[in-house]
Amino acid sequence: MSTTITAQPGTPFIDVTREVAASPEKVLRAYTDPDLIVRWLGPHGMEMELLELDARSGGGYHYVHRDERGEYRFRGVYHTVSAERIIQTFEFEGAPGDVCLETIAFTGLGDGRTRIDGHSVFPSVEARDAAVESGMEAGIVDSYERLDTLLEKDA
């Protein structure tokens, strides 16, 4: 399955779409269960340490990805966690203050499949461009490949 990432020039937005072979309930669980999220979120070859995960409206998260080059810390606050969507902030601690607002929607396709639609709003076009240039596309694609593997096995 392919991942579509759209970052229109001159806008502070990134849109990501991916279809997965699992129900919306299983996909939501993969996004909110601490035992599952560490198994798929992040690029291949990175170790993830979950420092905090309180996946409920008003909760938060904080995690670290590590590889031989160093560590990369991320954090955010959940504004909405429901069966249909997650609305959260997302901040890479290496770019403090460039907090984006993300909406991740889960749409059941009626055949045991789910479409995941992510929409990220950055504080500026420059912040969005820096995220794109950081190699985030590879991290997103890798994460969704790992999510597919997880969902096939046991989510």
Side-chain angles (χ1 to χ4, degrees), residues 2-20 24 27-107 114-151 155:
S2 66
T3 302
T4 303
I5 301 172
T6 306
Q8 294 292 334
T11 70
F13 311 120
I14 295 175
D15 292 296
V16 179
T17 300
R18 174 76 172 207
E19 289 185 14
V20 295
V27 176
L28 177 64
R29 182 171 169 243
Y31 269 82
T32 59
D33 183 318
D35 294 329
L36 298 178
I37 201 164
V38 296
R39 293 171 52 195
W40 72 268
L41 185 61
H44 295 294
M46 289 261 181
E47 174 191 314
M48 180 182 187
E49 179 184 359
L50 194 54
L51 303 172
E52 173 190 1
L53 182 67
D54 184 7
R56 63 178 176 81
S57 300
Y61 67 89
H62 191 192
Y63 60 86
V64 182
H65 283 128
R66 291 185 182 92
D67 66 8
E68 65 280 349
R69 295 172 306 201
E71 64 178 38
Y72 312 89
R73 295 176 172 269
F74 303 88
R75 65 182 173 166
V77 175
Y78 292 104
H79 293 267
T80 302
V81 177
S82 71
E84 298 82 29
R85 75 184 44 83
I86 295 172
I87 300 172
Q88 65 187 26
T89 60
F90 176 86
E91 181 177 17
F92 169 50
E93 291 183 3
D98 284 344
V99 179
C100 77
L101 181 63
E102 298 182 329
T103 301
I104 306 156
F106 309 110
T107 304
T114 300
R115 187 179 67 242
I116 304 167
D117 290 300
H119 179 68
S120 298
V121 180
F122 287 78
S124 67
V125 173
E126 294 76 21
R128 193 285 311 260
D129 289 349
V132 170
E133 292 165 11
S134 75
M136 63 148 242
E137 181 175 348
I140 291 170
V141 170
D142 284 358
S143 290
Y144 279 133
E145 288 174 357
R146 295 175 67 196
L147 178 61
D148 285 341
T149 301
L150 173 72
L151 293 170

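Keep in mind that this is a model prediction, so the values were computed, not measured. Residues take their numbers from the sequence shown, with the count starting at 1.
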Would you find a donor on one side and an acceptor on the other, under 3.5 Å apart, between the side chain of [X] and the backbone of [Y]?
X	Y	result
Arg75	Glu91	no
Arg85	Thr80	no
Thr4	Val16	no
Trp40	Leu150	no

Under a 4.5 Å cut-off applied to non-hydrogen side-chain atoms, are [X] and [Y] in contact?
X	Y	value
Thr32	Tyr78	no
Leu53	Val38	no
Phe122	Asp98	no
Leu28	Ile86	yes
Asp15	Asp117	no
Glu93	His62	yes
Val125	Pro12	yes
Phe92	Met136	no

Parallel, tilted or perpendicular: which fits the ring planes of Phe74 and His65, with parallel below 30° and perpendicular above 60°?
->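 The arrangement is perpendicular - the two ring planes meet at more than 60°.
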
Can you list the steps and then say if Tyr61 with Ile37 is a side-chain contact (heavy atoms from CB on, under 4.5 Å)?
-> CA-CA 11 Å; Tyr61 67 89; Ile37 201 164; over 6 Å; no

From CA spacing to verdict: side-chain contact (heavy atoms from CB on, under 4.5 Å), Arg73, Leu51 = CA-CA 10 Å; Arg73 295 176 172 269; Leu51 303 172; 3.4 Å; yes

Is there a side-chain contact (heavy atoms from CB on, under 4.5 Å) between Glu71 and Glu49 once you walk through the steps?
-> CA-CA 10 Å; Glu71 64 178 38; Glu49 179 184 359; over 6 Å; no

If you take all heavy atoms of Thr11 and Gln8, which pair is closest and at what distance?
->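 For Thr11 versus Gln8, the nearest heavy atoms are OG1-O, 2.8 Å.
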
If you look at every heavy atom in Val99 and Pro123, which pair is closest and at what distance?
-> O-CD, 3.3 Å

Can you tell me if CD on Glu137 sees more than 12 non-hydrogen neighbours from other groups inside 6.0 Å?
->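 Open: at most 12 neighbouring heavy atoms sit under 6.0 Å from CD of Glu137.
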
Going by the side chain to side chain contact (heavy atoms under 4.5 Å, CB included) test, name the single residue among Ile5, Val121, Thr6 that passes it with Ile14.
->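 Single pass found, and it is Ile5.
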
Assess whether side-chain contact (heavy atoms from CB on, under 4.5 Å) is satisfied between Leu147 and Arg18, documenting all intermediate values.
-> CA-CA 11 Å; Leu147 178 61; Arg18 174 76 172 207; over 6 Å; no

